[in-house]
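Encoded as structure tokens, the structure appears first; notes follow it.
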Amino acid sequence: MTAALHVRDLLLTRESRGQRFELHVAALDLVAGEVLAVLGPNGAGKSTLLRALAGLDTPAAGVVECAAEGPVTMVFQRPIAFAGSVQHNVRIALRARGLERAEIQRRCETALERFGIGQLAGRRAAALSGGELRRLALARAFALEPAVLLLDEPFDDLDAAARERLSRDLRQAVALTGVAAAVVSHDLRRAALVCDRIAVLLGGRLRQLGPREEVLARPADAAVARLVGMGNLLPATLASDGFAAVDATHRIPNSSALPPGTAVFVGLRPEHVKVDIGRGEGEPIGKARVVEHTSDSVLTTLVVEWGGHSLRTHLVAGRGLARELRVGDTVSLSLRPEDVHVLPRDEDSR
Amino acid sequence: MSELAAAGLLEITLRTLGVCLGALVIALLLGVPAGIWLGRRQFPGRRALLGVVNSGMGAPPVVVGLVVAQLFFRSGPLGDLELWYSLHAMVTAQVLIALPLVVALVVAAVAALDEDWEHQLRTLGVPTHWRIWLLLREIRLGLLAAVIAALGGILSEVGAVMQTGGNLEGETRVLTTAILMYTRMGLFESAYALAAVLLGLMLVLAGTLTWVQYGERR
């Protein structure tokens, strides 16, 4: 793992309409060939962080240091098209670096082809569609052969299919070039398409940083859990027999090392709550009643009532139980203890 | 038309063009950088400054003429320069009339750019002098609008030019002041001939710029 960009003890301050905002990041590294997703709600400081990494804003304290050879470049949330052709847009940055004409042409063609817009090279950049413009902005950035690439909400305003195609191309480009990339997003499902690691920003603080799977399965606290899609958070008390008691009759198996009697949240990702008519996969936790059934034609989301709590679960839409179940049906719930994440329940994490 | 020989017409026309284009170039040299600066930078008092510029667009030329005339008047602060009733004084008045138009239209063009426009160039490593060139290219339609507006303002201007130039034959007489003079004298034929030339100039200059502007939009 080669860190291409180091951040240490970073402090950024911003004043807006009498409100002071501070962003603290103790330590953060961007690693070559890897994509870091910076997740957070609006106003968490994601774009502020990205601008500081790009050198656009000067920190009040701390260090942002590029350790790799090559430029640090950024693609903005609203991709910018400069006057002139698509090709001219890519060449602007290359000419500024004093490259030879043949090298400029080679890089320009490679970058445009990589993002599937080679056939648009001669078109006016201002006439591109939103998706094409995003591809141009990425091609322009990759043509520079940067050491670090910072992307602010790169999948905004794209439909699901375009998002999927762009994320695939982006992943391939990162793998091929070995660039260290950071993707800012407020939407986990968009960021998860491309990232290897996740950094969660909340209220100007870096609350969790780790490999994608770890952050998704083991969020540091309830606020992070909600942000990373752990949609089921049940208040419970740890019992001594390896269960967490939601109430006298509803218990959830887990492998927490916290002492019995600890007030906790039991966190369950919707995809880990198994629903079945008979006995389900994993350990059964009891019967529940379907109270909501919605579908976006890809995923069906069921909300079931279990022990006075609402639990969400996802099924693949259009087949099996997703087609059979109706509101009011009774189902069996089960889960695997290793999928259950137990979080200490202090006042801050509510 | 007999009062106005062809040679005189040519001389007046060339002088008009010289004064107007001179004033236009100076107004652009001063107004474009000022407009870019005002459009891109945030600082205390910016809004007030924009207010001054915007009110400058509506300033009556006769008032501008009055101020410039007093400046260059023999007993005025710049009287020693002996520029009263000179082409320099006329150009000065026209620059002051055109400047707010240029600044305001450039500010509007620059402010319409995405706030990250310059940041994007910076993160692509584009150096400052090149960023300025790209900015001018980016706001070229706004610049053309500024040129058309400024040219229209100064080419048709008569009050301030009369006050500062005095319509001296062979020295400061331009198309507008000559038209005014011939109208007062009742020599409408000559006045119409000059008016036709003035209109022709306006049409050719503004038409050319509009054609360029329209071509850019396609």
Side-chain angles (χ1 to χ4, degrees), chain A residues 15-16 47-48 50-58 66 70-85 88-99 107 111 123-127 133-134 136-153 182, chain B residues 28 32-33 35-37 39-48 105-148 209-218:
Chain A
E15 199 92 34
S16 174
S47 297
T48 307
L50 218 59
R51 281 165 183 271
L53 301 187
L56 293 174
D57 293 334
T58 312
C66 185
V72 176
T73 192
M74 180 166 169
V75 173
F76 291 85
Q77 187 170 3
R78 289 183 305 274
I80 310 284
F82 300 115
S85 68
H88 169 75
N89 266 263
V90 179
R91 284 178 175 162
I92 285 174
L94 300 175
R95 282 198 192 126
R97 307 202 87 77
L99 297 174
R107 286 204 197 182
R123 195 179 291 180
R124 266 196 329 135
L133 195 52
R134 285 198 180 276
L136 166 59
L138 284 167
R140 188 169 55 198
F142 270 98
L144 273 182
E145 296 184 357
V148 177
L149 176 61
L150 307 163
L151 306 163
D152 197 352
E153 305 275 7
Chain B
L28 289 174
V32 173
I36 290 174
W37 180 73
R40 298 302 285 178
R41 300 281 169 261
Q42 296 294 330
F43 54 88
R46 176 177 180 268
R47 221 176 258 190
L105 288 169
V106 171
V107 167
V110 169
L113 292 179
D114 192 290
E115 58 183 24
D116 284 323
W117 187 90
E118 196 186 343
H119 292 150
Q120 180 66 87
L121 284 175
R122 276 175 63 192
T123 63
L124 291 170
V126 177
T128 311
H129 65 278
W130 207 340
R131 293 208 296 267
I132 293 170
W133 163 245
L134 289 168
L135 176 64
L136 292 176
R137 191 184 146 114
E138 200 73 40
I139 61 165
R140 64 202 180 286
L141 292 180
L143 282 178
L144 278 173
V147 169
I148 294 170
L209 292 169
T210 309
W211 180 76
V212 173
Q213 198 176 26
Y214 181 75
E216 282 285 340
R217 279 185 202 280
R218 273 179 303 181

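Chain identifiers are assigned alphabetically (A, B, ...) following the order of the sequence lines, protein sequences preceding nucleic acid strands; residue numbering begins at 1 within each chain.
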Of all of A:Ala93, A:Ala137, A:Pro79, which one pairs up most often with chain B through heavy atoms under 4.5 Å apart? A:Ala93

Determine the minimum heavy-atom distance between A:Ala96 and B:Gly125, stating which atoms define it. CB-O, 3.9 Å

Do you know which two heavy atoms are closest between B:Arg137 and A:Gly84, and how far apart they sit?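 Minimum heavy-atom separation between B:Arg137 and A:Gly84: NH2-CA, 3.3 Å.
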
Name the region of B:Trp117, side chain, backbone, both or neither, that has any atom closer than 4.5 Å to a heavy atom of chain A.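 Both the backbone and the side chain of B:Trp117 come within 4.5 Å of chain A.
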
Check each atom of B:Leu113 against the heavy atoms of chain A and say whether the ones under 4.5 Å are side chain, backbone, both or neither. neither

Atom [atom1] of [X] and atom [atom2] of [Y]: how far apart are they, to the nearest 0.5 Å?
{"X": "B:Glu115", "Y": "A:Arg78", "atom1": "CD", "atom2": "CZ", "result": "5.5 Å"}
{"X": "B:Leu124", "Y": "A:Arg95", "atom1": "CG", "atom2": "CZ", "result": "13.5 Å"}
{"X": "A:Ile80", "Y": "B:Glu138", "atom1": "CD1", "atom2": "CD", "result": "9.0 Å"}
{"X": "A:Phe82", "Y": "B:Gln120", "atom1": "CZ", "atom2": "CD", "result": "5.0 Å"}

Select all residues of residues 139-153 of chain A having any heavy atom within less than 4.5 Å of some heavy atom of chain B, and report them by number, or 'none'. A:Arg140, A:Leu144

Is it the backbone or the side chain of A:Ala81 that comes under 4.5 Å from a heavy atom of chain B, or both, or neither?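 For A:Ala81, the backbone is the part near chain B, not the side chain.
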
With the side chain counted from C-beta on, respond yes when B:Trp130 and A:Ile92 share a heavy-atom pair under 4.5 Å apart, and no when they do not.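 Sidechains of A:Ile92 and B:Trp130: no contact.
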
Between B:Val126, B:Asp116, B:Leu134, the one whose heavy-atom pairs under 4.5 Å with chain A are most numerous: B:Asp116

